[in-house]
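Before we start, here is the structure in question, set down as structure tokens.
Just so you know, these numbers use all the heavy atoms, side chains as well, and skip hydrogens, waters and symmetry mates.
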Amino acid sequence: MITEKQYKALKIIQQYPLIRAKGFADKMWGDTKTNMFTKRSNQGNGACTGKAAWLCAGGYTGVLVKKGFVRKHPVYPTDAWIALTEEGKKEIELYEKFKNTK
């Protein structure tokens, strides 16, 4: 069974079928993590503002990829579209069914 945060992440990915890490971070954390979205970073891919959010989103979705709930479609060497798998859809349905029985 997935956690509440994983459910939120999967619902975002389901609502936006092909989303990138930056878009996912905006939807997942919004303005509540202002420092993450304004922090400057230079990690070898060029300096930019808000990169911490992208890296966080990439790491978080990486966990979902390992579990088989989402897959990444490479777009650039350092970027990818994130899409929900059938397993991810099943987990959403299972979570919603479990929550409705309580």
Side-chain angles (χ1 to χ4, degrees):
M1 173 78 73
I2 58 176
T3 66
E4 188 174 335
K5 287 183 182 180
Q6 288 172 336
Y7 172 74
K8 179 181 177 184
L10 292 176
K11 285 300 279 186
I12 290 168
I13 296 167
Q14 183 181 41
Q15 187 177 2
Y16 302 94
L18 290 174
I19 191 169
R20 291 186 181 181
K22 183 176 189 264
F24 175 78
D26 290 338
K27 303 287 183 223
M28 185 73 178
W29 296 294
D31 290 332
T32 59
K33 302 278 186 182
T34 305
N35 184 44
M36 189 175 6
F37 286 94
T38 58
K39 185 177 177 185
R40 293 174 192 254
S41 177
N42 186 359
Q43 309 255 333
N45 295 325
C48 67
T49 302
K51 194 161 193 172
W54 304 348
L55 295 173
C56 239
Y60 195 84
T61 56
V63 170
L64 297 175
V65 168
K66 284 184 181 178
K67 291 180 181 272
F69 302 150
V70 299
R71 66 180 168 272
K72 292 185 179 182
H73 302 282
V75 180
Y76 303 111
T78 59
D79 196 7
W81 294 103
I82 305 160
L84 198 61
T85 63
E86 287 300 317
E87 183 67 27
K89 290 176 187 175
K90 289 177 188 173
E91 287 295 322
I92 289 173
E93 290 171 8
L94 183 65
Y95 184 87
E96 289 172 347
K97 183 178 178 182
F98 178 74
K99 283 294 183 180
N100 288 335
T101 59
K102 281 190 166 183

If you define the side chain from C-beta out and look only at heavy atoms, does anything of Lys22 sit under 4.5 Å from Asp26?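 Heavy-atom side-chain distance check passes, below 4.5 Å.
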Ala21 to Gly58 - nearest heavy-atom pair and separation: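 The pair with the smallest heavy-atom distance is CB-N, 4.3 Å.
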List in chain and number order the residues that pass side chain to side chain contact (heavy atoms under 4.5 Å, CB included) with Ala9, two or more places apart in sequence or in another chain; answer none if no residue qualifies.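 Partners of Ala9 by the side chain to side chain contact (heavy atoms under 4.5 Å, CB included) criterion, ordered by chain and then number, come out as Phe24, Met28, Tyr60, Leu64.
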What pairs of residues pass the salt bridge (charged side-chain N to carboxylate O under 4.0 Å, His left out) test when at least one of them lies in residues 59-74, not counting sequence neighbours? none
Taking atom CD1 of Ile19 and atom CG of Leu84, what is their separation to the nearest 0.5 Å? 12.0 Å
If two hydrophobic side chains count as joined below 4.5 Å and joins carry through other members, does Val63 share a cluster with Met1? no
Nearest heavy atoms of Ala83 and Leu18, plus distance in Å: CB-CD2, 3.9 Å
Report yes or no: do Phe98 and Leu10 belong to one cluster of Ile/Leu/Val/Met/Phe/Trp/Tyr joined by side chain heavy-atom distances under 4.5 Å?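 Yes, same cluster.
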Anything under 3.5 Å between a donor and an acceptor, one on a side chain of residues 88-96, the other on a protein residue two or more places apart or in another chain? List them.
unit_1 : atom_1 : unit_2 : atom_2 : d
Lys89  : NZ     : Glu86  : OE2    : 3.3
Glu96  : OE2    : Tyr7   : OH     : 2.7
Glu96  : OE2    : Lys11  : NZ     : 3.3

Any side-chain heavy-atom pair from Phe69 and Ile2 closer than 4.5 angstrom? yes
